[in-house]
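Both counts, for ligands and for their atoms, begin at 1 and track the order of listing. These numbers were taken from a predicted model, which means no experiment stands behind them.
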Amino acid sequence: MLIRETFPAGAFQCNCTVLACGDTKEAVVIDPGGETQRIAELVAHYDLTVRSIIHTHAHLDHIYCTRDVKQAHGGEVCLHRGDAFLYDGFAMQAAMFGWKVQATVPVERWIDHADRITLGNRSLEVIHTPGHTPGSVCFEVHDPDAGRLLFAGDTLFRRGIGRTDLPGGDSKQIVQSIQQRLFTRDLDTVVIPGHGPTTSLGDEARANPFVRA
Ligand SMILES: [Zn+2]
Ligand SMILES: [Zn+2]
């Protein structure tokens, strides 16, 4: 059994997820953009051990509370190396909104395409999907009860795709990533985007106006 709690967090309402193996209570936190209190309540409620703090990419809204979550619960901080410049530029990203932030905590594991991140009896597969940012990744988990779940970050939204006009963005690459690395997978996969409502790979392959299957 998988425990999954997804909720919008922070000023940009990034979808943050606490995902845990129901047998071992080992957990990962995906994109802690805010709601550190809620994350702490979930960890306490389910009696979880946070093994990893993982990021679909290093935009401000997806890493905003990484430091707080790390300090409260531990867990290995994971990121794709392609987004190191954004992670290191956290203070600069925040300054663009007039916000002052504390320094980031160091990345402890650089994740790459086809890597696996373990949580108890389950594991997440890392899918490198550059385009929104150079180091954008999706995470897929397969569960006998819940089926296949894909945490898509800002690569794929319900009837949308991520913007590519920010530093490191590439509009051709994001379409290629979605066509070659997402639409080629099991189309029944449920997609939890970085923002907004849930969808499925099949729905988007059929009806997403920005990218053809
Ligand atoms: Zn983003
Ligand atoms: Zn975002």
> Indicate yes or no for a side-chain donor-acceptor contact from Asp83 to the backbone of His57 under 3.5 Å, with no hydrogens or angles considered.
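Not at all, since once roles are kept as given, no pair shorter than 3.5 Å links the two residues.
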
> Give a yes or no on whether a salt bridge exists between Glu125 and Arg185, defined as a side-chain N under 4.0 angstrom from a carboxylate O.
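Yes, this pair counts.
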
> Can Arg148 and Asp186 be counted as an ion pair, charged N to O under 4.0 angstrom?
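Judged by the 4.0 Å cut-off on N to carboxylate O distance, Arg148 and Asp186 do form a salt bridge.
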
> What protein N/O/S atoms are there under 2.8 Å from the Zn ion (ligand 2), waters excluded?
Asp61 OD2, His62 NE2, Asp154 OD2, His195 NE2

> Of Asp31, Val28, Ile54, which is the lone residue that meets side-chain contact (heavy atoms from CB on, under 4.5 Å) with Phe139?
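Exactly one pass, corresponding to Ile54.
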
> Between His55 and Val77, is any pair of side-chain heavy atoms under 4.5 Å apart?
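Yes - at least one pair of side-chain heavy atoms lies under 4.5 Å apart.
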
> Does this structure show an ion pair linking Glu76 with Arg51, if we count only N-O contacts that are shorter than 4.0 Å?
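Looking at Arg51 together with Glu76, the answer is no, because their closest N to O distance does not fall below 4.0 Å.
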
